[in-house]
Every structure is written in C-alpha cells, then in structure tokens.
Amino acid sequence: MHSGTSSKLAISQPGGAPAHVAIIMDGNGRWASSRGLPRLQGHRRGADRVREIVEASPDLGITHLTLFAFSTENWKRPAAEVIGLMRLFRRYIKKEGARLVAEGVRVRFIGGRERLDADLQALMAGLEAQTRTNTRFNLTVAVNYGGRDEILRATRRIAEAVRAGEMTAEEITPATIEAHLDTAGLPDPDLILRTSGEYRVSGFLPWQSAYSEYAFVEACWPDFTAEMFAQQVQGFGSRERRFGAVAG
Ligand code: FPP
C-alpha cells in the first residue's frame, strides 16, 4: 500500500498514549428517548460528559481533544432542538470559559461559522482569543462542521490563490491542503472514538483521519464515563500503527 505523503508519518510501537483523540459524541437523543425524556435532556447530560472527558484527558497523556458537537447535517433537526443545542454551546462557553482559560487550555472551533448567530460567533472568537497563548492542552470543538464542506472551502481558497497568481497548480502539495483546512496547525487524530454503537464516520475529519485508528463503543454519550474513556485510550496503546509501511 501507498504509505502516504506526509513527513508526519512514522511507525509507532504499541504502548504509547494517543496524543490526539477525536470523538463523535453520539446517542444523546436515544439516551433521552429510552428514558421518556425530551432529546434536549440527553444533550444537557452530554454537555456534562464533555466537562468530565476534557478534565480526564491530560492525565491520560492526551494533548489534543477534538469533539464533534454539531454537523452541517444537524440543521435538519427540529428547530427547537437546534436552538437548544446552540443555547448549550453558549452556556458551555460562558460557564466553562474562565476555567478553560485558567487551566491553560487552548480552545479552537472548526466548521463554517457564518451560519451561526452573531452572538455565538462572538463568544467563540472571544474564547479562542483568550486562550490563544495556552499550551497545556488543546480542545477543538466542531460546530457546523462537515468534512466535505471543510475540503470544499479549502479548495475554493486554494483556487483563489492560484487565480491571484500567488501559486501555480503544480505547487499545490498535501501541506498546502492541510494549511487551508480548519484544522491547520493541529496534528492528525491518532484515535477516533464514536459512542452509541453506530459504525459510521459521518464526514468527521476525512482528510485528517487517513491513518487514524478507530474505536466504537456501545455506550451512548451521556453514559460515557471517564473510566470508559481511559479503557479506550489504554486499548489504543496496544495497537501497532504502520501507516502503510512494514513493521521493523
Ligand atoms: C449526537 O447525538 C449529539 C449531538 C448532535 C450533539 C452533541 C452535543 C453535546 C454533547 C452537547 C454539548 C456540547 C458541547 C461541546 C458543550 P444524537 O442527538 O444524534 O443522538 P441520537 O443518534 O441518539 O439521536
């Protein structure tokens, strides 16, 4: 198999912690429905889990955590649910922001922002600015994110640069594409986890996940504990990653 083109790739021996874990937080709705609760109750409980998993991550050796909070497809949900989710994102930034700043967490948001309400965009930009110099931990939250949308936006920007004469088509390399993605500057995810027993990728980080390991857990996100998280991270440590090369 082709081994990829990025110089970032190297064979890693079993035993290491994943530096970058990305999570598809799925199953909030089912968690709530199975208890006769409104779906938003599941999202609220899900926000509590976000707090817990963010806090547990540095002790597990993780330096980057990326969470899929809202996809480009999630706008198709009932308006009340979309509004409720946006309210939860606002509340999370307002309630957790100061703590994230104080604890040395750098927060980034990926996804298209223009469709979000102006006040939410301002909260997001504010937290990014306040945490820009933090280095202890990196939290990235995907809001209105879709992998195809991200690649499309990157392609348009690269095409514009070519049209403006800033580069030629031949000069476009994988590094050019990476630099135009929302995740520019972030390492690729080592481990991508999805909760709720669904075995799908749903457009999450398609470029960045080319050599990621995947783990799928049965628990719905509101039931996903720090202990379960630690178990998955330890399981990753026993995998040998070859990135298309042959083990030495
Ligand atoms: C997927 O479950 C979950 C979401 C679409 C929303 C994720 C949002 C949170 C966990 C809330 C807070 C997040 C932050 C970053 C503060 P689903 O509703 O698709 O579940 P279902 O498949 O059972 O319907």
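Bear in mind that the values here come from a model prediction, so they are computed numbers and not experimental data. Ligands are counted one by one from 1 in listed order, and the atoms in each one are counted from 1 as well. Position 1 is the first residue of the sequence; numbering continues from there.
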Hey, mind stepping through Arg153 and Asp149 against salt bridge (Lys or Arg N to Asp or Glu O under 4.0 Å) and telling me if it holds? CA-CA 6 Å; Arg153 287 185 284 108; Asp149 178 64; 2.9 Å; yes
Checking a contact table here: which protein heavy atom is nearest [atom], and how many Å away?
atom                    : result
atom 5 (C) of ligand 1  : Asn74 OD1, 3.7 Å
atom 1 (C) of ligand 1  : Met25 O, 3.0 Å
atom 22 (O) of ligand 1 : Arg30 NH2, 2.9 Å
atom 8 (C) of ligand 1  : Ala69 O, 3.8 Å
atom 15 (C) of ligand 1 : Val141 CG1, 3.9 Å
atom 20 (O) of ligand 1 : Gly29 N, 3.0 Å
atom 19 (O) of ligand 1 : Arg77 NH2, 2.7 Å
atom 9 (C) of ligand 1  : Asn28 ND2, 3.8 Å

How does [X] reach ligand 1, if at all, at less than 4.0 Å between non-hydrogen atoms: by side chain, backbone, both, or neither?
X      : value
Trp221 : side chain
Arg51  : neither
Arg39  : side chain
Leu67  : neither
Phe89  : side chain

Just checking Arg148: does its CZ atom have more than 12 heavy atoms from other residues, nucleotides or ligands closer to it than 6.0 angstrom?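 It does not: Arg148 CZ has 12 such atoms or fewer within range.
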Is there a chain of hydrophobic side chains (I, L, V, M, F, W, Y, each step under 4.5 Å between heavy atoms) that links Leu181 to Ile172? yes
If you group Ile, Leu, Val, Met, Phe, Trp and Tyr by side-chain heavy-atom gaps below 4.5 Å, do Phe70 and Val54 land in one group? yes
Check this for me, if you would: do Arg113 and Glu128 make a salt bridge, where the nitrogen-to-carboxylate-oxygen distance has to be below 4.0 angstrom? yes
What orientation do Phe229 and Phe224 show, parallel under 30°, tilted 30 to 60°, or perpendicular over 60°?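 Answer is perpendicular, since the angle exceeds 60°.
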Which word best sums up how the rings of Phe68 and Phe204 line up, parallel for under 30°, tilted for 30 to 60°, or perpendicular for over 60°?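 Answer is parallel, since the angle falls under 30°.
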